[in-house]
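See structure below.
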Amino acid sequence: MQILEDSFGRRFSYLRLSITDACNFSCQYCLPNGYCRTGAPAPLTPNETSNLVAAFAELGTWKVRLTGGEPTLRRDLLEIVDRVVTTPGVRRVALSTNGYRLRELARPLFDAGVRGLNTSVDSLDRAKFFEITGVDKLPDVLEGIDAAFDVGFEHVKVNAVLLAGLNDTELDRFSDWVRTRPITVRFIELMPTASNQDLFKRRHARADAIRARLLTQGWAPRMRSEGDGPAEEFTHPEYVGRIGIIAPYSKEFCKTCNRLRVTSQGALRLCLFAKGEVTLRDLLREPLQREELKARLIELLATKEVSHYLPEGKYGNTGTFSAIGG
Ligand code: SAM
Ligand code: SF4
């Protein structure tokens, strides 16, 4: 079987597929001015999505995450989930969401076969959540997460982008929250994009301080298992949940890369911080194009670079993660 492997021996079993670049939040670090219509063509249809995912699955991809923008804004979300879940070879389907509609969608998503859920919660303080995201929806998001457990999700991952002076003192509050809940909270270091340059200068904080505090508070690094991504996770015997760190400037970040990204317009991005992307959409019209699509994927993967160039201040052509899926 052909598999997606790059020139550095990294294998790509995980696809992050953005299904819309639209969003109803305006997170300071992602869409500071809110979403503006771009005039771009409509995102991939369920049919195009099926053809895309089938090709990836035939090349060894077994995990697919639907992301955005905000994927729950797609009216045909459940149809897309169904197409992905039923693709031969796909064993795990996950969704990243801002949690805005999770309360009502948790049940249908679970019933449709979604088993992994990532929700952004940048602060557990309602006023700060509002300040960061532009919406006063913390209670709804937290209720959505509880609803996810009620309908059968066993574990939820929560992402919080670390922002100096805003949420970087909330470790204890987040730890208390996961004491009795099977939630992994991952503090993500703010990453630079074209739309957050000023914020990056003011608010970028390294996760080292969080790591140091976790270690002094009795948290221990969790053994990595195969297929784990770049998050470094910590467990504690008195806590059901875990705390994690995602630090793009760390040496391990690119070594553990196991994911490829496709934008809502059907373009492959080899790296979050790539200088560009290559369209696949012309090969997504029908299943008969699958061999050609697979050949293009393999050819493109051979050009993937060993690492990003963030330490040199280069973040590729990334305008905002809402267009790529984060
Ligand atoms: N709207 C969904 C959400 O917020 O979870 C899914 C899409 S969002 C682009 C995916 C992830 O990217 C979120 O966890 C978000 O916090 C993260 N993200 C967006 N911009 C970022 C940045 N500049 N640095 C670090 N993480 C970022
Ligand atoms: Fe929307 Fe997610 Fe970006 Fe926030 S991080 S603006 S919720 S896409």
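Remember, it's a predicted structure, so these values are computed and weren't measured experimentally. Every heavy atom of this structure was used, including side-chain atoms; hydrogens, water molecules and symmetry mates were not. Ligands are counted one by one from 1 in listed order, and the atoms in each one are counted from 1 as well.
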| said: When you compare the side chain of Q265 with that of T279, does any pair of heavy atoms fall below 4.5 Å? | reply: no

| Atom indices of ligand 1, in the order listed, that fall short of 4.0 Å to a heavy atom of T67 | 6 (C), 7 (C)

| said: Less than 4.0 Å is my threshold; does some heavy atom of G68 fall inside it relative to ligand 1? | reply: yes

| request: Among all protein heavy atoms, pick out the one at the shortest distance from atom 19 (C) of ligand 1; state its residue, atom name and that distance to 0.1 Å. | output: F321 CD2, 3.4 Å

| request: Considering only non-hydrogen protein atoms, determine which one is nearest to atom 12 (O) of ligand 1 and report residue, atom name and distance to 0.1 Å. | output: G326 CA, 3.8 Å

| message | Could you tell me, atom by atom, which parts of ligand 1 come under 4.0 Å of a heavy atom of M191? | response | 22 (C), 23 (N), 24 (N), 25 (C)

| ligand 1 versus T97, non-hydrogen atoms closer than 4.0 Å: side chain, backbone, both, neither? | backbone

| said: Quick one, N98 and V141 - any side-chain contact, counting heavy atoms below 4.5 Å? | reply: no

| request: With heavy atoms of E189 as the reference, note each atom of ligand 1 found under 4.0 Å away. | output: 25 (C)

| request: Identify the protein heavy atom lying closest to atom 26 (N) of ligand 1, giving its residue, its atom name and the separation to 0.1 Å. | output: V161 CG2, 3.6 Å

| Protein heavy atom at shortest distance from atom 10 (C) of ligand 1 | G325 O, 3.6 Å

| message | Below the 3.5 angstrom mark, is there an N/O of Y29, backbone or side chain, next to an N/O of ligand 1? | response | yes

| For E70, is at least one N or O under 3.5 Å away from an N or O on ligand 1? | yes

| task | Tell me whether L293 is reachable from I298 by hopping between hydrophobic residues (I, L, V, M, F, W, Y) whose side-chain heavy atoms are closer than 4.5 Å. | result | yes

| said: Between N167 and D122 (side chain of the first, backbone of the second, donor and acceptor by atom type, cut-off under 3.5 Å), is there such a pair? | reply: yes

| said: Within 45 degrees of the ring normal and closer than 6.0 Å to the centroid, is that where the cationic atom of R203 sits relative to Y29? | reply: no

| query | Between the side chains of S50 and R83, is a donor N or O closer than 3.5 angstrom to an acceptor N or O? | reply | yes

| note | Near N196 (heavy-atom distance under 4.0 Å), the atoms of ligand 1 are 23 (N)

| query | Can you list every side-chain hydrogen bond (donor to acceptor under 3.5 Å, both in side chains) pair that touches residues 291-300, not counting sequence neighbours? | reply | E58-K294, D282-R296, E291-K294

| message | Just by distance, no angles: are the side chains of R269 and T263 close enough, under 3.5 Å, to form a donor-acceptor pair? | response | no

| field | Distance filter under 4.0 Å to G69 heavy atoms, resulting ligand 1 atoms | value | 1 (N), 2 (C), 6 (C), 7 (C)

| request: Please identify which atoms of ligand 1 are closer than 4.0 Å to at least one heavy atom of N159. | output: 14 (O)

| Check against ring-ring contact (aromatic ring centres under 6.0 Å, His included), F174 and F187 | CA-CA 10 Å; F174 275 107; F187 291 99; 5.5 Å; yes

| Under 4.0 Å from ligand 2, counting heavy atoms only: the protein residues, by chain and number | C23, F25, C27, Y29, C30, L31, G69, N98, S322

| Under a 4.5 Å cut-off applied to non-hydrogen side-chain atoms, are R103 and D140 in contact? | yes

| message | Under 3.5 Å between any N/O of S120 and any N/O of ligand 1: does that happen in this structure? | response | yes

| Should E131 and L166 count as side-chain neighbours, where that means a heavy-atom distance under 4.5 Å? | yes

| query | Heavy atoms, side chains only, cut-off 4.5 Å: are F234 and L215 in contact? | reply | yes

| query | Has the side chain of R213 got a donor or acceptor atom that lies under 3.5 Å from a matching backbone atom of D208? | reply | no

